[in-house]
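To start, the structure itself, in structure tokens.
Chain letters run A, B, ... following the sequence lines, proteins first and then strands; every chain starts at 1. Atom set for the values below is all heavy atoms of this structure, side chains included, hydrogens, waters and symmetry mates excluded.
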There are 2 protein chains.
Amino acid sequence: MPRKSRTPYAILGALSHGPKSGYDISCYFEKDHMFFWNESYGQIYPTLKKLLKEGLVEVEVDTRTQGPERKVYTLTPEGQEVLQSWLTETDCKSSFRDELMLKLHFGMPEVQKNLLDRLQNMEKELSDGLDALLVESEQMEELDLSKEELAYRKMTMNWSKMFYEAKLRWCQESLKDFGIKKSSKKKKKKKKKNKS
Amino acid sequence: MPRKSRTPYAILGALSHGPKSGYDISCYFEKDHMFFWNESYGQIYPTLKKLLKEGLVEVEVDTRTQGPERKVYTLTPEGQEVLQSWLTETDCKSSFRDELMLKLHFGMPEVQKNLLDRLQNMEKELSDGLDALLVESEQMEELDLSKEELAYRKMTMNWSKMFYEAKLRWCQESLKDFGIKKSSKKKKKKKKKNKS
DNA sequence: TGACGCATGTAACCTGTTACATGATTTA
DNA sequence: TAAATCATGTAACAGGTTACATGCGTCA
């Protein structure tokens, strides 16, 4: 038997935090504090269609005066139920694949040639990510959530922060160990995620 | 165009750290310090076959007096070359999926019922993982590697340690935040990976 | 006018998991 | 003697990525 997709649950969960379009859902999982999950368009749109057919979500076309068409999806009571039964299941699986780290692990002269750049890019991304995280954290506080909801979100938000901080620290230590000065190159501002 | 598999490179890389059987390779990626990568049997064996056909690895049947049959694979010069060209490519992709963290993020009463257990199990796994990491770290020192090789492996080993420590800290803080006493339950010794 | 962000979607196609099948050896 | 570990492998099947296609609105 092949594996069971978690994508429908992830989408249901995202919708439990408010109605969203496919695009919104994609953005939701792109946020820095969601580094522990990813979804791609190719999964989101077909899954949304499937969930609609199963009656777990409802759709409404946003007829705003401006901007392109938006199909906004909402969780139905049935969807809520399915989400809850998934949340209750205790067996969880996880998978991690960090190609850059793998290459570093196999470190050979080929890697060293670009080590400086790789680590510096990573450092930049991480520190940008931390900045974004602070913004996301503040936005969350303004969301008018119940005490309990806020506690859960703060818990995972906190994990994201600790992860970014730890990786940034590791990055800086590694740069130091390889005798590389941080200030040796001009840094260009470029927003690019290491995700996907 | 579909994505390109990293599995052949991961296997080539593993073999660059010494000859291995399919089983050995599986164990290699199960190690705690390799938390940032995973491979399953269903990929390893067929890929090994493919690499053999392409001449990137060689096989030799281990005719030991005891134990089941072992097919030990070795990297060929061609395999080494392919590995190196992959290491040189600078664009790396990564994906993370941590189902438990996702559930926690969507935190609802359903999650809270098991929150104590989930966090305590996680804490146990992480602290076991840290212990294993120390052992793996010592084993590495005894491996008689060149200065350079050692530096790379220490670098990623260090990341694994920092990751485990950060997650453990997060786990303990979360337990505290939810007003849960660590000593409230007997802990059973049970080695089970959260991977895969 | 061109780039960029918003927005929806599909097709192709490989990737990767999981369950199954099998058996030897060691350890309690 | 039963369970755990070592060991190799395959089949089935869904899962998931990426490139492609398309178009509006805004801002420089």
(request) Look at the side-chain N and O atoms of B:R70 and state whether any lies under 4.0 Å from the OP1 or OP2 oxygen of C:dA24. (result) no
(message) Given C:dT17, D:dT10, D:dG16, identify the nucleotide with an atom nearest to the side chain of A:S5.
(response) D:dG16
(message) Tell me every residue that passes ring-ring contact (aromatic ring centres under 6.0 Å, His included) with B:F106, counting only those two or more places apart in sequence or in another chain.
(response) A:H17
(message) Over all strands shown, is B:R6 touching base, sugar-phosphate only, or nothing at heavy-atom distances under 4.0 angstrom?
(response) nothing
(request) Check whether any side-chain heavy atom of B:E165 sits under 4.5 Å from a side-chain heavy atom of B:W170, and report yes or no. (result) no
(message) Check the phosphate of C:dT17 against A:K4, side-chain N and O only, distance under 4.0 Å to OP1 or OP2. Yes or no?
(response) no
(request) First locate atom CZ of B:R153, then atom CG of A:L104, and finally report the distance between them rounded to the nearest 0.5 Å. (result) 13.0 Å
(message) With a 4.0 Å cutoff (strictly under), does any side-chain N or O of B:T7 reach OP1 or OP2 of C:dG16?
(response) yes
(request) Would you mind reading off the distance between B:E30 atom CD and D:dC6 atom P, rounded to a whole angstrom? (result) 12 Å
(message) In this structure, how many angstroms lie between the C1' atom of D:dA7 and the NZ atom of B:K20, rounded?
(response) 16 Å
(message) If you only use heavy atoms from C-beta on, which nucleotide in D:dT8, C:dT18, D:dG16 is closest to the side chain of B:K71?
(response) D:dT8
(message) Tell me the interatomic distance from A:I11, atom CD1, to C:dG9, atom P, rounded to whole angstroms.
(response) 12 Å
(message) Between the opening five pairs and the closing five pairs of the helix from C:dT1-D:dA28 to C:dA28-D:dT1, how far apart are the helix axes, to 10°?
(response) 50°
(request) Counting heavy atoms from C-beta on, name the nucleotide in D:dT18, C:dT8, C:dT17 closest to the side chain of B:S40. (result) C:dT17
(request) For B:E39 and D:dT8, give me the distance from atom CD to atom P, rounded to whole Å. (result) 16 Å
(request) Nearest whole angstrom, please: distance from the P of D:dG15 to the OH of A:Y9. (result) 10 Å
(message) Please report the distance, rounded to the nearest Å, between OH in B:Y45 and C1' in C:dA19.
(response) 16 Å
(request) Can you tell me the distance, in whole Å, between the CG atom of A:D91 and the C1' atom of C:dT18? (result) 13 Å
(message) Of the options D:dT18, D:dG15, C:dT18, whose atoms approach the side-chain atoms of A:Q43 most closely?
(response) D:dG15
(request) Would you mind telling me which residue lines up with the more 5' stretch of DNA chain C, A:G42 or B:Y41, judged by nearest nucleotide? (result) A:G42
(message) Side chain of B:Y23 only, heavy atoms from C-beta on: which candidate in D:dT8, D:dG16, C:dT17 is closest?
(response) D:dT8
(request) Give me the one residue out of B:T47, B:L51, B:L48 that meets side chain to side chain contact (heavy atoms under 4.5 Å, CB included) with B:T7. (result) B:T47
(message) Taking transitive links into account, so neighbours of neighbours count too, which hydrophobic residues share a cluster with A:Y41 at under 4.5 Å side-chain distance?
(response) A:Y23, A:Y45
(request) Could you label the plane-to-plane angle of the A:F35 and A:F163 rings as parallel, tilted or perpendicular, counting under 30° as parallel and over 60° as perpendicular? (result) parallel
(request) May I ask you to test the A:D24-A:R70 pair for a side-chain heavy-atom distance under 4.5 Å? (result) yes
(message) Are B:F36 and B:L130 connected into the same hydrophobic cluster when the rule is that any two of I, L, V, M, F, W, Y join if their side-chain heavy atoms are below 4.5 Å apart?
(response) yes
(request) Measure from the side chain of B:S21, starting at C-beta and using heavy atoms only, and say which of D:dT17, D:dA7, D:dG9 lies closest. (result) D:dA7
(message) Tell me the interatomic distance from B:N38, atom CG, to D:dG15, atom C1', rounded to whole angstroms.
(response) 15 Å
